[in-house]
Amino acid sequence: MSERKNPYPFDVFEPAWQATWDAEKTFKVLNPGEEGFDAGKPKYYVLDMFPYPSGAGLHVGHPEGYTATDIVSRYKRMNGYNVLHPMGWDSFGLPAEQYAIKTGQHPSITTYANIDTFRRQLKMLGFSYDWDREIATTDPAYVRWTQWIFLRLYHSYYNTELKKACPVSELEAKGWTREQIDNVRLAYVAEGMVNWSPDMGTVLANEEAEEWKSKGHIVERRKLRQWMLRITAYAERLIDELEPLDWPESIKLLQRNWIGKSMGAEVNFTCNGKTITVYTTRPDTLFGATYMVLSPEHDLVNEITTAEQKEAVTAYQTACAAKSDLERTESKDKTGVFTGAYAVNPVNGKEIPIWIADYVLTGYGTGAIMAVPAHDSRDYEFAVKFGLPIIQVVQPDTADTPWQDFCGYDGTMVNSEHLNGLSVPEAKQQMIAWLEEKGYGCGKVNYKLRDWLFSRQRYWGEPFPIVWNSEDGNHYAIPESELPLLQPEMEDFKPSGDPRGPLVKATDWIQYSENFTRETNTMPQWAGSCWYYLRYLDPKNNQAFVDPEVEKYWMGGNNPGGVDLYVGGTEHAVLHLLYARFWHKVLYDYGLVSTNEPFNKLVNQGLILGEDSQKMSKSRGNVVNPDDIVREYGADSLRMYEMFMGPLKEVKPWQTKGVEGISRFLARVWRVAMVENQEGEWVLSGKVTDVDNGEVTPVRKEVHKTIKKVTEDIEAMSFNTAISKMMECTNAMTGAATVTVSDYVQLLHVLNPFAPHLTEELYSRLRTQFATLPACQLCQQTWPTYNPEYLVENTKEIVIQVNGKLRDKITVAADAPKEEVEAAALASDRVKEFTDGKTIRKVIVVPGRLVNIVAN
RNA sequence: GCCGGCUUGGCGGAAUGGUAGACGCGCUCGACUCAAAAUCGAGUUCCACAAGAGUGUGGGUUCGAGUCCCACAGCCGGUACCA
């Protein structure tokens, strides 16, 4: 490749400005109570989703969101806000541990080396973070508070009357037993079916299982004792309090679906004196129940199964247990076995056969259903396969819809005694009231959301601050004074296949005291990311996870408070964003934070695809490395290109030619003021001048239009259109003989949040010639305003249409009355041509825009 | 299957119900140059001009629809027997 001279010397001035910002702490922001803090300024908290510092380094996807937030941060600062714009590292994680297993090197070594790379790369892009607030979730000082919050959860239960977390000590005072309390803790131990990955040697959350499966890992069901967080207690609040947030509707919907609220009823059936409770969302169809299905794992299966069915039932149970999750869902073919038992339907006393089938899940509702094959597709399929009766109880309202397998709500009840003639929703209500009156059941809300499986069998995670007593078998919290509890130094991180995880090998560490041994599980990576946005507020505090006054300023203050802008990818829609909301609510219940929600406004950036419009991946060889782009075109070009590609929220393909286009644009901005002299040095050209007679030149008009447009577009986060306007403005300057300093500096000013290096460099060079320019950096000056008078046009071009088709254009005075415009339009030769021989029926005049002549 | 989102030139994308294709890429031509690169200027939806057609398809509302309404198709994402 031939040596190419850079179109402007970004390779020199970009690192220089970065060094200046670092040395002068240009973007440091003070906290309340610190000297120099300006309490008169409003706050604005702009947050990025912090990265996992992988060995691969920064990806072009990172700077997309990070540039967007950087533009907003710089813009808000120039508009007089105290802007909190921090960065940190989500640094616990499996890759570092797997690398440690391979090499024997401690995971912290790779982790902190990767952090150094990420920090260097982010600084190379000129982001205006307050680096004094940098945090890493792996830092002992951070781990301390993650564990502290965990203990808060551990010591809490959800008070269903107050609808908030309360200390379990209240229950102790009321005389609850240890066992009763353990059953309501927000952090609890339970034995249950979990996702276990034998090759990774750990369990996974439901939310994670699919992701790892798709990466080729084995995930199977196993019954294990695990730590759980009672997120289900907050299901209702997690749905209700989502509503007012300024989030994309699609993300809200994703969360709502994940939480999966449904309203129905529990109904008690009887079987030989035993009660079997089923959950249904369609109590209106109770008269159509023709059989019952229990999940194969249901507690009552063994009790009710008759002797002659025993063998078949046991065989079916065994077969189901052996099936992995994947195998179960792979085939949707219904299978099941008759138990030989019958249940009595409370509404009509009829006996219906009880089956077991794996299409009924253990974990949802009561693990038992009444089957209404006429109006539930799954029951219908099952009934057809096994020849079970099908009774119609709903008649669809639309005439030609068959009643068989009709599951809709637009129908009228039939064959249902006292419900006959009612609509489905009416019948539903009436039946619930009836069940409650008779004591046969009650209305019931259910959620798909399961409790959060919170323990992992890993080394590189926060250890649980918990010890086990060998005498009573109970778990106990270690005192806060012992936090942080760090992992022991080890050389062998390998999973042993022992479901207690690799820490069991640290025999000294485990032994807490004579009768107490440590919990060997560690927390999932999500723990650190659940509250990192709070630690940024007060990252060095060693008295509290955040000082209350500081928290109040940054998170309270404005209405509605919280993080004012949070930008990141969609991939966290139901993981991080749900977990963090849950933790935040617990902290809120204790008055430790000011708002019930952490993130007021959320924006999802769209994925950047490779040049081939495919997802970037190593195997496809279409990955773009930010380092290469910066070396070739400079940081400003990368930043601006990523903003110019298209709307922030859309998915869009990378085009290196597009970076060149942006680079050319920045070079044109440069050359408005700069020229190369004989020695090949860049010097001020003289085109930019302080001779200014105040005339409103076309360039000045363009500048003010640009200020208006860029201001509005930053507010709307429509960065691509802001950039195109600045291109138009620059083109106007390129075409002009001279440009006044004030016009040029205003362009630099609005361009500054996008291309901070170039604009500061040009500004500082201009100052060598124009001493009246303020001495501070552009980024420390006030955002420019436009003069509306400059935007007023004297004349307007009016479009003339005949029957909606463009036929002519005329120029009229901007304030020309309607009649005049209409007359001018009708006088047009082109119009006459197209209306010739026709009658003019109507003339529509839209002032300042168009005239449409309707003729036929 | 269900739930979302998207669909505009050769490409990325612009368009408060009012000139479709701003801006950029690419391409063509011109200037500069011995020449090229870079730069600057002109042009660039389709059709040879005019006429006409044109925002995934088909309908509708409107003086006027990329934009609003109805139906359908394709692509992308989420979810997956949640009773």
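Values below: every heavy atom of this structure, side chains too, minus hydrogens, waters and symmetry copies. The structure presented is a predicted model; accordingly, all values stated were derived computationally and were not measured. Numbered from 1 within each chain, the chains take letters A, B, ... in sequence-line order.
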Novice: Given B:rG13, B:rG52, B:rU19, identify the nucleotide with an atom nearest to the side chain of A:Pro653.
Specialist: B:rG13
Novice: Can you tell which of B:rC40, B:rU16, B:rC23 lies closest to the side chain of A:Phe644?
Specialist: B:rC23
Novice: Of all the choices, B:rG52, B:rG4, B:rC40, which nucleotide is nearest to the side chain of A:Arg671 once you look at every atom?
Specialist: B:rC40
Novice: When you check the gap from the basic side-chain N to the acidic O, do A:Glu243 and A:Arg256 get nearer than 4.0 Å?
Specialist: yes
Novice: Given B:rA83, B:rC63, B:rA15, which nucleotide is nearest the side-chain atoms of A:Val854?
Specialist: B:rC63
Novice: Counting only side-chain heavy atoms from C-beta out, which of B:rG24, B:rC6, B:rG41 sits nearest to A:Glu650?
Specialist: B:rC6
Novice: If you check the A:Lys334 side chain, which of B:rA83, B:rG12, B:rC81 turns out closest?
Specialist: B:rC81
Novice: With a 4.0 Å cut-off, would you call A:Lys701 and A:Glu793 a salt bridge?
Specialist: yes
Novice: What's the closest nucleotide to the A:Arg664 side chain, out of B:rU39, B:rU19, B:rC3?
Specialist: B:rU39
Novice: Could you give the distance separating B:rC34 and B:rA22 at their P atoms, to the nearest angstrom?
Specialist: 36 Å
Novice: Which glycosidic conformation, syn or anti, is assigned to B:rG9 if syn requires a torsion within 90° of zero?
Specialist: syn
Novice: Taking only Lys NZ, Arg NE, NH1 and NH2, and the carboxylate oxygens of Asp or Glu, determine whether A:Lys708 and A:Glu712 approach each other closer than 4.0 Å.
Specialist: yes
Novice: Is the shortest side-chain N to carboxylate O distance from A:Lys652 to A:Glu64 below 4.0 Å?
Specialist: yes
Novice: Using atom P in both nucleotides, what's the gap between B:rC47 and B:rA65 to the nearest angstrom?
Specialist: 25 Å
Novice: Between B:rG64 and B:rG13, how far apart are the two C1' atoms, rounded to whole Å?
Specialist: 25 Å
Novice: Are A:Glu702 and A:Lys725 close enough for a salt bridge, meaning some N to O gap below 4.0 Å?
Specialist: yes
Novice: Checking contacts here: which listed nucleotide (B:rA83, B:rG12, B:rG26) is nearest the side-chain heavy atoms of A:Gln655?
Specialist: B:rG12
Novice: Taking the same atom, C1', in B:rC46 and in B:rA38, what whole-Å distance lies between them?
Specialist: 34 Å
Novice: For B:rU62, does either OP1 or OP2 sit under 4.0 Å from a side-chain N or O belonging to A:Asn852?
Specialist: no
Novice: For the side chain of A:Leu806, counting heavy atoms from C-beta on, which of B:rG78, B:rU19, B:rC23 is nearest?
Specialist: B:rU19
Novice: Do the side chain of A:Arg849 and the base of B:rU16 come within less than 3.5 angstrom through a donor-acceptor pair of N or O atoms?
Specialist: yes
